[in-house]
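Some notes on the structure that comes next.
Chain letters run A, B, ... following the sequence lines, proteins first, then strands; residues in each count from 1.
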2 protein chains.
Amino acid sequence: MRYKAGYKEGKRRELLSVSGKVAKRDGFAATGVDTLMKAAGATSGAFYSHFPSKSDLFKALIQNELTASRTLLAGAPEENLRDWIAGEMNRYLSLGHVRHPELGCALPSLAAEIGRSPPDVRRVFEAELLETQRILAERLGGDGKAWALLSQMAGAILIARALSEETTQVALLDACKAFLTEALTGKNGSPPERTIG
Amino acid sequence: MRYKAGYKEGKRRELLSVSGKVAKRDGFAATGVDTLMKAAGATSGAFYSHFPSKSDLFKALIQNELTASRTLLAGAPEENLRDWIAGEMNRYLSLGHVRHPELGCALPSLAAEIGRSPPDVRRVFEAELLETQRILAERLGGDGKAWALLSQMAGAILIARALSEETTQVALLDACKAFLTEALTGKNGSPPERTIG
DNA sequence: GTCTATAGGCTGATAGAC
DNA sequence: GTCTATCAGCCTATAGAC
């Protein structure tokens with residue numbers, strides 16, 4: 001064979017990673033196959049030897065992105081609960097996350113498009129998100145707290161990105177940090193950092 | 001003149017209303033001008049006598065949608081705070097809202113697209129949202145509570161729509177209702193209704 | 001003010017050379 | 001496995017008839 005064994009698998013991984021970044025930044029439907037492939041250093045013709053259709057890429061990409069986010073979230077489990085919550089809050093509800101969707105969570109970037117996608121896409125999304133929710137619920141000590149935390153964090157980044165002024169973005173982020181910290185750990189929790197611009 | 005005075009203004013309002021619905025359901029960028037106009041009983045040629053460009057329609061549509069949502073939210077101010085919060089929660093965090101984006105709030109449907117739009121679009125969004133946040137903050141007695149409530153409610157509908165199973169959607173909605181009710185009114189608030197499918 | 005027709009560019013996907 | 005070339009269809013926006 002003209003290509004090494006394992007080449008295709010590595011290239012597929014690269015396609016997933018690169019097109020995930022572009023999709024989170026510019027939207028999945030709004031970005032053409034040719035553009036996605038150009039970002040990975042190839043052409044649209046090559047794409048179809050890796051995925052049967054653009055929609056199949058979307059499913060694989062969702063799985064890849066949510067798994068990566070979950071790994072990030074599941075890290076640092078040794079600390080106590082309050083410190084872990086404060087740390088995750090400062091990481092997720094940051095201006096850096098608002099400014100760099102390509103490096104961030106898929107929920108604020110792609111959830112609206114997933115909601116408009118066929119059931120097979122949404123099933124992949126649900127399976128992956130439920131796994132994240134399960135881990136969160138275990139740490140927080142409650143299923144409901146996990147859903148609430150996920151919803152508010154994703155919603156905060158979603159709205160902050162749509163805002164025009166950085167001062168307003170910071171006000172929203174800091175408000176959500178304070179609200180969630182108090183609701184999840186009680187008034188005595190160590191206060192979250194102020195967002196640094 | 002062959003058309004009545006005031007006709008154009010009325011038609012413009014109809015265009016805003018109809019294209020708002022379609023955009024919230026199918027996405028704004030994903031829907032062509034011709035499709036938007038067909039939904040309003042006209043053709044793409046006529047569109048450009050009402051709006052200079054599709055992007056200008058987006059700005060007008062955002063203004064129209066957020067103003068309508070704010071009017072809905074600002075209603076029923078006579079009750080006490082806890083009843084009002086419970087009522088708004090049951091209205092916004094409902095399966096009907098999940099299932100019918102065309103009739104619902106623009107935030108879960110369009111915020112991601114607004115975030116990818118040029119500054120002039122985001123400025124319109126920010127001005128309108130700040131007015132809603134101001135009213136909410138007054139009622140809740142705190143700027144931060146308003147941002148947190150907006151973020152979690154929008155995030156909850158955003159994520160619920162991307163889920164596949166109705167039981168999971170209901171679990172998420174009920175969790176957010178309970179979480180927000182407790183965080184905003186304390187444990188003694190009357191419990192929110194369970195979501196009815 | 002609305003219509004049809006059109007321009008130029010983008011899209012997802014396929015065919016065949018290498 | 002990747003390339004170029006191509007198809008049919010959609011997009012935003014404009015021109016000219018009525």
Atom pair distance, as rounded to whole Å: [atom1] in [X] and [atom2] in [N]:
X	N	atom1	atom2	answer
B:K38	C:dT4	NZ	P	11 Å
A:M37	D:dT4	CE	P	12 Å
B:F51	C:dG1	CZ	P	13 Å
A:D34	C:dT11	CG	C1'	10 Å
B:L57	D:dC11	CG	C1'	15 Å
A:Y48	C:dT14	OH	C1'	9 Å
B:R13	C:dG1	CZ	C1'	18 Å
B:L36	D:dC11	CG	P	9 Å

**OP:** Measure from the side chain of B:S44, starting at C-beta and using heavy atoms only, and say which of C:dT14, D:dC11, D:dT14 lies closest.
**Re:**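 Of the options given, the side chain of B:S44 lies nearest D:dT14.
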Charged N to carboxylate O below 4.0 Å: is that the case for [X] and [Y]?
X	Y	result
A:R134	A:E131	yes
A:E165	B:R122	no
B:E126	B:R123	no

Touch class at under 4.0 angstrom, heavy-atom based, for [X] against every strand present:
X	answer
B:S53	sugar-phosphate
B:T31	sugar-phosphate
B:G32	sugar-phosphate

Given [N], is OP1 or OP2 found less than 4.0 Å from the side-chain N or O atoms of [X]?
X	N	value
B:Y7	C:dT2	yes
A:S49	D:dT2	yes
A:T43	D:dT2	no

**OP:** Can you label the angle between the B:F58 ring and the B:F28 ring as parallel, tilted or perpendicular, going by 30° and 60°?
**Re:**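 B:F58 and B:F28: parallel rings.
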Subject >> Heavy-atom pair with the smallest gap, counting every atom of B:R139 and B:A74 >> reply: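 The pair with the smallest heavy-atom distance is NH2-O, 2.7 Å.
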